[in-house]
Amino acid sequence: MTPSDPTSSRFAPLPADAAKNPDKAELAVLAVWRERKVLAELEAARKDAPAFVFWEGPPTANGRPGIHHVVARTVKDTVCRYQSMLGKRVDRKAGWDTHGLPVELEVEKSLGISGKPQIEEYGVAAFNAKCRESVWTYRKEWEEMSERIGYWLDYEKPYVTYEDDYVESVWHVLNRFHEAGLVYQGQRVVPFCGRCGTGLSSHEIGQPGVYQDLLDPSVTVRFPLAQQSGAESESFLAWTTTPWTLPSNVALAVNPKVDYVRARTPLPVPKGEEKGSKGYEIVWLAKARLGAVLGENAEVLETVSGSELAGRAYAPVFEADIPEIEPGAWTPNNTNKWHIVLADYVTTEDGTGIVHQAPTYGADDWITAKENNLPVLRAVGPEGRFLVDVGGASKGDLFKDADEALMEDLKQRGLLFKKARENHSYPHCWRCNTALFYFATPAWYIRTTSYKDRMIAYNAKCNWVPPEVGQKRLGDWLENNIDWNISRDRYWGTPLPFWVCGDCGAERSVGSKAEMERLAGGLPEGFDNHRPLIDELVFDCECGSKMQRTKAVVDCWFDSGSMPYAQHHFPFGDGVERTKDQFPADFIAEGLDQTRGWFYTLLAVGAFMAEVEPELEKGVVYKNCAVNGLVLDKSGVKMSKSLGNIVNPWDAMKEHGIDAIRWYMLSSGAPWLPKRFDMGGVLEVRRRFLGTLQNSYRFFAEYARIDGFDPDSKENPATADRPEIDRWLVSRTETLVGDVRRAMDLFDLAGACRSIEGFVVDELSNWYIRRNRRRFWKGESGPDKMGAYASLHHALSQVALLMAPMAPFLSEILWERLCSNGSSVHLQPVPQRNSAWVDEQLESSMQLVVRVVEMGRALRERSGLRVRQPLKALHLRATEQESLDLLATGFASEQILDELNIKAWGSLATDDGQLCQLKAKANFKTLGKRLGKQMKKAAAAIASFTQEQVAICRAGGEVPVELDGATVFIGAQDVIVSVEASTDMDVESDGQIIVFLDTELDDALISEGLAREVVSRVNSLRKEAGLAVEQRIALRVAGGSELLRRALTEHDALISEETLTTDYAVGETALEGCEWTEVELSPEHDLKLCLAPR
RNA sequence: GGGCCUGUAGCUCAGUUGGUUAGAGCGUCCGCCUGAUAAGCGGGAGGUCCUGGGUUCAAAUCCCCGCAGGCCCA
């Protein structure tokens, strides 16, 4: 990114845009990366390095990228960049999830068609061609967004799930499952979308937004007994929220262990009329539901257990010729129809305790039907529409739309006992939002339950961040694993490579295109591993008949779950070698919503594949998985188009740049928690952290350029030879390196950010630079100055390296200027902590300094004595001699006294019995374990220790204490000593240290204070006059008071030096051509001054 | 209905294996600075650690019943 001379950009000013318009500055960096092909350069540099295997979870190329996609990508990119800097080879293969319903729906929309019949009419070949095209429109937006946010991915060679090679690998995987006998064809009741004409897998049902509240009918229906016993009609009461399933009723189920009653209850009467005036009826229902359903007007005639009810017959509620289907798994017996059957799942929590059975529309019903050899009626077909006219519903009606008509029909015929509406959570299609219905449909399954334990074992090997997602959330899901329905009766997807013989039912699975070609005796022109041409391939069956391919395509989650193999075209060509190198993954990261999605499918496929492919390492599929939370708006509401609270990433970047956004996302709270995205928070990052860092660099660079500082010069003093303050900064820098590496190694990105930010803002900028400014701009070049440059340069450079994974742009801008080695920051190694430079004593000494300074500032604030006014002395009391020793060093003294503008230490003592006294408090941590229940008494005894007793403890002696007749010896370990002021002077204390000021002012101090006041005023005027910082001036000053005149004379050197005055005089003669400026230094002291450049 | 997560200052969040003055940033109030800063610095005020039980000498922290929110599953 540098021109030919690497030193030409050394300490160059930051681009003008860096602070004001980070977007623009970052775009410039991007241009350089692109031009110099930095990613390729990095890949080349790490070509032979050990791999850190990262798998990119393929985004569905069907939606536009939003700010929530930025979160996961930031996490992924940060970890990958860090690993690269650790010297690892990180392949960043991009991937695209291109198959599936979302794509089909998008195309249907664009073609203005809807549903399977219209797709067939349009032509599957043309339709799939459209699908293939459609994914690319969004791909470009994704690529642009990814590039802009600095997400380094290899877009040149991405894996694309629809490409022939990818599909072929998926076939290989499916074939392996089939070979292992884990694939079976079944008929299962699944949530079904009539609109999309396909069943939904359990993880599709797991998509957000599937369950929505719906107001459904809640009806109780009379099923009249087949044999009526008396004058009063008798019926079973059954409850349902799906009236549309009633025409398909084949049985009623009761729980064998529940008691049921035969009850006499008045027929409903118009309002005002007496109950029973219309006569009575007899109904059956669970005893436990009596009150809820019949109220108090019921007379129980008989109570029997559910098991006794079995086999009783009733009359169907709809008389119509309902189509019947062949269940396959059993042989239906028509005489079993319309009887009471037993089922354990029936509860008395709601309804009547009698459940209407329509096997094709309920999973439980299906099982019950199988157990009782019931026939299967199907009034509603796979498109969710009625197949016949029945009870007010017409052929072609959408299932839910028929509810009203059916209920009305039942009402007319006196079969509707009660009708209400109920709000309940109901599943909807995750993409087209149509209400689903349960429907028995033929499907292909993988028997994942057969290797459930292995999936659990593999999962246990993964380091989950945070752990509970893997151990509990995914762990529970695995414990309750059910077989994976992998087939979809759709068009745009990997075709299932399974051929079935129409006659003998034999199955044949195919694992490669070549095998397919061989079996079919050639492939048609334009064959592309997709429907519809593959459907034309017909194989000979051993029985002499022909085998046809099953029409289904595979669940697109199977595509993404096969990504570890298919991305390298395993096991074809060099795919084995490449897959071996990239399996298992060291790291994946996606949103929490992928728990039952990609995280699961990778495991479901991987825990099988690793065992059957000898080339692959067994035991684990992915070793580390970092989970990130959902992105909410700033009030914690989920972002949605309808609420209009979506944050467009491009807008956000234009405003603040991506580094600020990345840093904000990484550092604000734990990544796996839902994240409230607040632009105010981004602005804060920009101002507080990125801004401070840039200012720090500006400061350094401005003076380093002037002085021609060369970081590589042998003349620079070695770290050990620099003053303490420099060694402190270097020591803190090295400690930071250790902290950040530790955090990063644990995937604690937020912790790493916090450490860096704290260091930059508090220590590097607000302490080191502020306290050492004048070393940079005063005096001649020399070892002291060069030591300061070297220390600050080191700190800034290390920060640029440490923050590079998180803030790739600003770090690059800084690195280019700080180190100028002609190479990107992202190609550098992560710094190693140099323990030789770590001085823990110096660091803790500085901690004490900061504490004392804070207390001193608080005292000054209260006393109203501004820091410009020097004070005579600072007194201090501490509990620990050790603290005093640390504070009394020249280094600490200088820092404190200079920072607080105090002439000298006053008294410094551990205690003197006059101004303060020692107090002891029990050390609960040590004593608690030893004393247990006596702790409270001991604490009280210790709190009342005398000065002498405390002193004994502190000196290492032991004080005997009587506790419940026993003597306990309290030693130094057992007490926490504090100091407490016993004076009416104003003091500040943190319990361990007491600070107080000698605020008495004499003329000398006041004079110096005034002189400093003058300096401040003169410098303000310099700035007002727009003088350059190094501009020398002539200065004339005249004081109104005697004390001020004395200050002007006495401190002429100070004033001259601090204001860069080369021609200084006190007197009433103004400079030629200059006007006097009058200033009020304080109510008693007025100053006249004039200045001019020299 | 079940599982997981979260609840700490006005806001956004830290808070180690339980240990006695619960922290930071922002905001607010007060003040300061002007030779890195389209800025910055300092000092105050501000808390029922969601409620209620329990375990313990000791609970923001561990356990239980709730409440509220989120995610996932039914």
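Each chain gets a letter, A, B and so on, in the order its sequence line appears, and its residues count up from 1.
For A/Q471 and B/rC72, the CD to P distance is 21 Å, given to the nearest whole Å. Distance A/E757 CD to B/rU12 C1': 12 Å, rounded to the nearest Å. Residue A/D974 contributes atom CG, which lies 19 Å from atom P of B/rA58 at whole-angstrom precision. Atom C1' of nucleotide B/rA14 and atom OH of A/Y664 are separated by 15 Å, given to the nearest angstrom. What separates CG of A/L927 from C1' of B/rG19 is a distance of 11 Å, to the nearest Å. Look at CG on A/D986: it is 13 Å from C1' on B/rG43, rounded to the nearest Å. Computed from coordinates, the A/D476 CG to B/rG3 C1' distance equals 6 Å when rounded to whole Å. Distance, A/W477 CH2 to B/rA74 P: 7 Å, rounded to whole Å.
Using a cutoff of 4.0 Å between basic side-chain nitrogens and carboxylate oxygens, A/E702 and A/R698 are not scored as salt-bridged. A salt bridge is absent between A/E479 and A/K472: the closest approach of a Lys/Arg side-chain nitrogen to an acidic carboxylate oxygen does not fall below 4.0 angstrom. The existence of a salt bridge linking A/R688 and A/E757 is confirmed by a sub-4.0 Å separation between a basic side-chain nitrogen and an acidic carboxylate oxygen.
Comparing the C1' positions of B/rG46 and B/rA22 gives an interatomic distance of 14 Å, to the nearest angstrom. Atom name P, nucleotides B/rG23 and B/rC65: the rounded distance is 32 Å, in whole Å. Here, B/rG47 and B/rA60 have their C1' atoms 11 Å apart, quoted to the whole Å. Rounded to a whole angstrom, the distance from the C1' atom of B/rC49 to that of B/rU8 is 4 Å. Nucleotides B/rG15 and B/rG52, compared at atom C1', are 24 Å apart to the nearest Å. For the P atoms, the distance linking B/rG53 with B/rU16 amounts to 25 Å, nearest Å. Comparing the P positions of B/rA59 and B/rC13 gives a spacing of 28 Å, expressed to the nearest Å. Taking atom P on both nucleotides, B/rC71 is separated from B/rC32 by 49 Å, rounded to a whole Å.
Of the candidate nucleotides B/rC72, B/rC5, B/rG43, B/rG43 has the atom nearest to the side chain of A/E854.
Classified by interplanar angle (parallel below 30°, tilted 30° to 60°, perpendicular above 60°), the ring pair A/W484/A/Y600 is tilted. Relative ring orientation between A/F439 and A/F192 is described as tilted, the plane-to-plane angle lying within the 30° to 60° band. Aromatic ring orientation, A/F11 versus A/F700: perpendicular (interplanar angle above 60°, classes split at 30° and 60°).
Applying the salt bridge (charged side-chain N to carboxylate O under 4.0 Å, His left out) test to every pair with at least one member in residues 918-929 of chain A, sequence neighbours left out, gives no pairs at all.
The base of B/rU21 has none of its N or O atoms less than 3.5 Å from a complementary donor or acceptor on the side chain of A/K921. No hydrogens or angles were tested; on distance alone, a donor-acceptor pair under 3.5 Å links the side chain of A/E861 to the base of B/rG42.
Phosphate contact (OP1/OP2 of B/rC72, side-chain N/O of A/R596, threshold under 4.0 Å): absent. Applying the 4.0 Å criterion to OP1 and OP2 of B/rC57, one finds that A/K929 has every side-chain N and O outside that range.
Residues A/R774 and A/E1058 come closest through the heavy atom pair NH1-OE2, 2.7 Å.
Across all strands shown, B/rG23 is found opposite B/rC13 as a Watson-Crick or G-U wobble partner, with both distances under 3.5 Å. A 3.5 Å limit on both hydrogen-bonding distances identifies B/rG31 as the Watson-Crick or G-U partner of B/rC41. Look at B/rU48: it lacks any Watson-Crick or wobble partner with both distances under 3.5 angstrom. Within the shown strands, B/rG70 is the pairing partner of B/rC4 under the Watson-Crick or G-U definition, both distances less than 3.5 Å.
Contact annotation for A/R857: backbone-only contact, meaning every heavy-atom pair under 4.0 Å involves sugar-phosphate atoms and none involves a base. Across all strands, A/N480 comes closer than 4.0 Å to no nucleic acid atom at all (heavy-atom distances). If you check every strand for non-hydrogen atoms under 4.0 Å, A/A670 touches sugar and phosphate atoms only. At the heavy-atom level, A/K472 lies under 4.0 Å from the strands shown only through sugar-phosphate atoms.
With the nearest nucleotide of RNA chain B identified for both A/E468 and A/R754, A/E468 has the one nearer the 5' end. Nearest-nucleotide mapping onto RNA chain B: of A/E988 and A/T926, the residue sitting toward the 5' end is A/T926.
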Problem set entry | Trace of the salt bridge (charged side-chain N to carboxylate O under 4.0 Å, His left out) decision for A/D748 with A/R742 | CA-CA 8 Å; A/D748 177 13; A/R742 202 173 310 116; over 6 Å; no

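Aromatic rings of A/Y703 and A/Y789 (six-membered ring for Trp) have centroids beyond the 6.0 Å cut-off, not under it.
With sequence neighbours left out, the side chain to side chain contact (heavy atoms under 4.5 Å, CB included) criterion links A/D986 to A/L859, A/R862. In this structure, A/R687 has no salt bridge (Lys or Arg N to Asp or Glu O under 4.0 Å) partners at least two apart in sequence or on a different chain.
The stretch residues 931-945 of chain A touches RNA chain B through A/G932, A/K933, A/M935, A/K936, each having a heavy atom within less than 4.0 Å of the strand.
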Report each atom pair, protein N/O against N/O of nucleotides 26-28 of chain B, whose distance is under 3.5 angstrom.
from, atom 1, to, atom 2, distance (Å)
B/rC26, O4', A/E684, OE1, 3.4

Any protein N or O atoms within reach of nucleotides 33-36 of chain B? Criterion: under 3.5 Å, listing atom names and distances.
from, atom 1, to, atom 2, distance (Å)
B/rC33, OP1, A/R868, NH1, 2.4
B/rC33, OP1, A/R868, NH2, 2.0
B/rU34, OP2, A/S1016, OG, 3.0
B/rG35, N1, A/V1029, O, 3.2
B/rA36, OP1, A/R773, NH1, 3.3
B/rA36, N7, A/R773, NH1, 3.4
B/rA36, N1, A/S765, OG, 2.9
B/rA36, N3, A/N695, O, 3.1

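Counting heavy-atom neighbours within 6.0 Å of A/Q973 CD, excluding the residue itself, gives a total of 12 or less. More than 12 heavy-atom neighbours from other residues, nucleotides or ligands sit within 6.0 angstrom of NZ on A/K452.
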